Peer 1: 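Please read through the structure below; I'll follow up with questions.
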Protein chains: 2
Amino acid sequence: MTSLNKITDFRRPVAINLANRPTASSCDDCGARRHGLCDALSDDEVGFLARAAQHVSLQPNTVFIEEGEAALYFYNINSGNVRLFKSLPDGRRQITGFAGPGHFLGLAATTKNMFSAETMEPVKLCRFSRSSIAAVFEEFPVLERKLLDVAMHELVLSQQQMLLLGRKTAIERIASFLLSWAERLEICASGALPKPNVSMPLPLSRTDLADYLGLTIETVSRSLSNLKREGLIDIPNIHEIILLRPQALSDIAEAAV
Amino acid sequence: MTSLNKITDFRRPVAINLANRPTASSCDDCGARRHGLCDALSDDEVGFLARAAQHVSLQPNTVFIEEGEAALYFYNINSGNVRLFKSLPDGRRQITGFAGPGHFLGLAATTKNMFSAETMEPVKLCRFSRSSIAAVFEEFPVLERKLLDVAMHELVLSQQQMLLLGRKTAIERIASFLLSWAERLEICASGALPKPNVSMPLPLSRTDLADYLGLTIETVSRSLSNLKREGLIDIPNIHEIILLRPQALSDIAEAAV
DNA sequence: CGTGACCTTTGATATGGATCAACGGCCATA
DNA sequence: TATGGCCGTTGATCCATATCAAAGGTCACG
């Protein structure tokens, strides 16, 4: 907890001088807007945030955060999606979540990275030195408030995932995943079901799916085939799923009695 | 996400008038101190926080947050420990974590509770109306900063738990749990191993252990017996574990190769 | 259009942990 | 000290999913 205070102690002097900041630039530079994090920032301030960072473009399948390495930076994703995961020495892997445009990574107050992050497609992101965290928060206190909301929401999601990993069967995991993925894609409102027959892109390999759901690729494949055989979904191709009967999926996912 | 803005929109007018607040009272009233959340608050302010809440005493095994119910309050625990869990309609239960003195519960911006909370022993806590969240944060902005740190730390813990639930074997789960429990009790520094032969209270039933680790009580019992048989731990009684060889436990927990 | 690498699906078999069952220890109560 | 209920342990068996194996699809590249 010592490093915690170093980073977020509110008494820390402000290192960034906004009086000298550059003039406004497009908010598109700042992935934070995607999460509504910029709502309360002026264009000037958003431009400043964008300029305070190093802008990085990454190829697909690039590991840019490695578990165990020194935590020198935090990141804000501008475009593209990444997977977050933890690994065991023998190669077992658990994907703990996905992050897309607007997400912040590496904010936890630890000296080493507690997870790895790998791009799933071409990604653009902003990299900030962690020593500037306190200063950034000092300048943009509203960021803290919004980040707290985001963090609380992610805790809710990870609790759902713990229930899935600890107590659900393979078919329940797949059904749960399909519905939560639809929510993530905003195909339906949070907590609501998508309409029947909606199509959904699924840009994940079976390996990613298995590592996210705590299964093997064979079990993932079989479970999807079962759902298809029973007419609850259709699978026109590997990276597309049609949710034929969302209600039936939900009954399976929530183990309705 | 509409309710999110309702609660945390920084423009919301301040409803609490600190000018009229009561004079200082003991900080012991405020569980927040246990998490260092009060470090930056004056005794006056802490006393105010304590008075703004309803103080509640609960018997052991009382469910005071029920998943799915309207989320009317948030809570700050003063004394005692609680378990947080999610359930499926058929009775399967996943404990997602434990909360003790200083923890805040129910801060997520949702209209319904996303988990249940049940006391494990006599518990005292402060209950706040959720409609006052914005006002509380407005008066004590440092609270937000600290809560963000706490939330980030809990995300790290839940990622560890996802790895455990998704990819570890029964014996690895038990070994991981014993070491993380020692950390929680501050028997050892975060990330460090306890010294050999340290004794540790374990005020959890086998059922709680099973529901936390995604196993059955029989498998928990067998795994503990195995570790005992191999001389890595001793179990003088149900609610006490002696960590004879923490390094060996760690090798199992981390699947050292 | 053919080739090969990689990914997915499907089938056969193995196994870790769940389930079913019985027993034993502990504690509260009389 | 005896009794009953609850919890934990241990043993026997079962089953959901892992593992092993092979075949089929798809796509990039020559």
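Convention: sequence-line order gives letters A, B, ...; per-chain numbering from 1. Everything quoted here is computed from the prediction, not taken from an experiment.
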Peer 1: Could you tell me whether L224(A) contacts a base, only the sugar-phosphate backbone, or nothing, with contacts defined as non-hydrogen atoms closer than 4.0 Å?
Peer 2: nothing
Peer 1: Taking atom P of dT9(C) as reference, at what distance in whole Å does atom CD of E218(A) sit?
Peer 2: 11 Å
Peer 1: Whole angstroms only, please: what is the CG-C1' distance between N226(A) and dT8(C)?
Peer 2: 15 Å
Peer 1: How are the rings of Y75(A) and F64(A) set relative to one another: parallel (under 30°), tilted (30 to 60°) or perpendicular (over 60°)?
Peer 2: perpendicular
Peer 1: Taking side chain as C-beta onward, heavy atoms only, is K195(A) less than 4.5 Å from V198(A)?
Peer 2: yes
Peer 1: Identify which nucleotide among dT9(D), dT10(C), dT17(D) has an atom closest to any side-chain atom of T169(A), counting heavy atoms from C-beta outward.
Peer 2: dT17(D)
Peer 1: Any N or O donor-acceptor pair under 3.5 Å from the base of dT19(C) to the side chain of R222(B)?
Peer 2: yes
Peer 1: Rounded to whole angstrom units, what separation is found between the CG atom of D211(B) and the P atom of dG8(D)?
Peer 2: 12 Å
Peer 1: State which of dT9(D), dT9(C), dT10(D) makes the closest approach to the side chain of S225(B).
Peer 2: dT10(D)
Peer 1: Could you point out which residue of R92(A), R83(A), R93(A) forms a side chain to side chain donor-acceptor pair (under 3.5 Å) with D211(A)?
Peer 2: R93(A)
Peer 1: Please give, in whole Å, the distance from dC7(C) P to D208(A) CG?
Peer 2: 11 Å
Peer 1: For the residue pair Y212(B) and W181(B), is the inter-centroid distance of their aromatic rings smaller than 6.0 Å?
Peer 2: no
Peer 1: Rounded to the nearest angstrom, tell me the gap between atom CZ in R229(B) and atom C1' in dT9(D).
Peer 2: 11 Å
